[in-house]
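Because the structure is predicted, anything quoted here is derived from the model rather than measured.
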Amino acid sequence: MKDKTKLADRAELTDRHVDYHRHAARVIGLVDEQNEKWKVTKLGNELLGTTARSPQEAAVLQRAIKGSVLMETVPSLLDVVPPTLDSLAEALTENPGLSPSTARKRARALLAWRAYLREITTEATLDDEPPSEP
């Protein structure tokens with residue numbers, strides 16, 4: 001979809017939030033911008049081929065995050081023990097041009113991604129477990 005307003009309407013987002021989501025998708029390698037045109041990457045197409053909240057979706061998202069430049073800045077994001085909001089925000093403020101308040105908002109978003117992945121993974125694990133015997 002080329003028109004940002006149409007995309008915003010379809011996704012029920014504001015134009016500004018479309019930009020945020022598109023930037024996040026670019027950072028983790030799901031889309032790429034070439035000559036002012038956005039294209040879905042191979043990894044992005046792989047994600048589009050998964051079912052929402054499925055183990056396959058979780059696996060592709062984890063690969064995307066682990067393979068992104070994001071892990072250079074916040075390598076502890078997917079650790080078993082989650083990083084704190086403060087530690088993530090501090091790491092993100094080392095990015096030139098990122099204000100502390102923006103870094104904190106992005107840190108919250110990263111923790112939300114992490115929580116979503118953990119939730120999907122937990123649901124998948126629970127679905128795979130055999131029923132307990134009475």
Side-chain angles (χ1 to χ4, degrees):
M1 189 171 292
K2 295 178 183 178
D3 182 52
K4 183 169 52 170
T5 303
K6 286 181 185 175
L7 183 58
D9 289 343
R10 186 171 177 190
E12 298 179 359
L13 297 168
T14 64
D15 284 1
R16 184 180 71 173
H17 284 98
V18 166
D19 288 337
Y20 294 155
H21 287 265
R22 189 170 49 192
H23 176 72
R26 186 185 56 75
V27 167
I28 64 172
L30 301 176
V31 298
D32 191 25
E33 184 182 20
Q34 297 173 351
N35 302 322
E36 298 183 26
K37 292 185 181 184
W38 290 89
K39 297 188 109 186
V40 178
T41 64
K42 181 179 176 185
L43 190 59
N45 277 315
E46 194 175 331
L47 181 63
L48 289 171
T50 66
T51 301
R53 305 191 67 77
S54 69
Q56 295 79 16
E57 179 192 41
V60 174
L61 284 172
Q62 284 178 344
R63 265 196 0 257
I65 292 169
K66 285 180 180 178
S68 73
V69 297
L70 182 59
M71 295 309 285
E72 294 172 16
T73 305
V74 288
S76 64
L77 181 62
L78 298 178
D79 287 355
V80 173
V81 176
T84 65
L85 176 63
D86 290 339
S87 68
L88 279 179
E90 185 178 323
L92 292 171
T93 56
E94 293 177 12
N95 253 340
L98 203 59
S99 73
S101 65
T102 299
R104 198 160 183 83
K105 287 176 191 172
R106 290 197 182 158
R108 275 194 198 97
L110 291 174
L111 289 173
W113 285 5
R114 183 187 187 286
Y116 178 75
L117 285 173
R118 304 273 307 168
E119 187 178 312
I120 293 173
T121 305
T122 301
E123 287 173 2
T125 302
L126 292 174
D127 289 344
D128 292 341
E129 290 178 4
S132 60
E133 304 226 359

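Residue P83 comes nearest to L111 through the heavy atom pair O-CD2, 3.7 Å, listed as atom of the first residue, atom of the second, then distance. Nearest heavy atoms, A8 versus D15: CB-OD1, 3.4 Å. A pairwise comparison of heavy atoms in L43 and G29 identifies CB-O, 3.9 Å as the closest pair. Of all heavy-atom pairs spanning R106 and L98, the tightest one is NH1-CD1, 3.2 Å. Nearest heavy atoms, A107 versus L92: N-CD1, 3.6 Å. A91 and V74 make their closest contact through CB-CG1, 3.9 Å (heavy atoms, listed as atom of the first residue, atom of the second, distance).
Proximity of W113 to L70: side-chain heavy atoms (C-beta onward) are separated by under 4.5 Å at one or more points. In this structure, the side chains of D86 and R104 come closer than 4.5 Å at one or more pairs of heavy atoms. For the pair T51 and Q56, the minimum side-chain heavy-atom distance is 4.5 Å or more. With contacts defined as side-chain heavy-atom distances shorter than 4.5 Å, the pair L47/E57 qualifies. Contact of the T50 side chain with the L61 side chain is not registered, since no non-hydrogen atoms from C-beta on lie closer than 4.5 Å.
Atoms CG and OG1, from L13 and T5 in turn, are 12.0 Å apart once rounded to the nearest 0.5 Å. Rounding to the nearest 0.5 Å places CG of L88 at 11.5 Å from CZ of R108. Rounding to the nearest 0.5 Å places OG of S76 at 7.5 Å from CE of M71. The CD atom of Q62 lies 8.5 Å from the CD1 atom of I120; values are rounded to the nearest 0.5 Å.
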message: What verdict does the side chain to side chain contact (heavy atoms under 4.5 Å, CB included) test give for R22 and D19, after you've listed the backbone C-alpha separation in whole Å, the side-chain angles of each residue and the deciding distance to 0.1 Å?
response: CA-CA 5 Å; R22 189 170 49 192; D19 288 337; 2.7 Å; yes
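Both L85 and L78 are members of a single hydrophobic cluster when ILVMFWY side chains are connected at heavy-atom separations under 4.5 Å. Hydrophobic clustering places I65 together with V27 (ILVMFWY residues linked when any side-chain heavy atoms are closer than 4.5 Å, directly or through intermediates). Linking ILVMFWY side-chain heavy atoms closer than 4.5 Å, directly or via other members, places W38 and I28 in two distinct hydrophobic clusters.
Sparse packing is recorded around CD of E12, with 12 or fewer heavy atoms of other residues, nucleotides or ligands lying under 6.0 Å away.
The backbone N or O of D79 lies less than 3.5 Å from a partner atom in the side chain of R114, making a donor-acceptor pair. Remark: the backbone N or O of L117 is paired with a side-chain donor or acceptor of T121 at under 3.5 angstrom.
Residues that satisfy the side-chain contact (heavy atoms from CB on, under 4.5 Å) test with E90, not counting sequence neighbours, are absent from this structure. Among residues two or more places apart in sequence or in another chain, the side chain to side chain donor-acceptor pair (under 3.5 Å) test is passed with R26 by H23. Residues satisfying the ring pair (Phe, Tyr, Trp, His ring centres under 6.0 Å) test with Y116, not counting sequence neighbours, are none.
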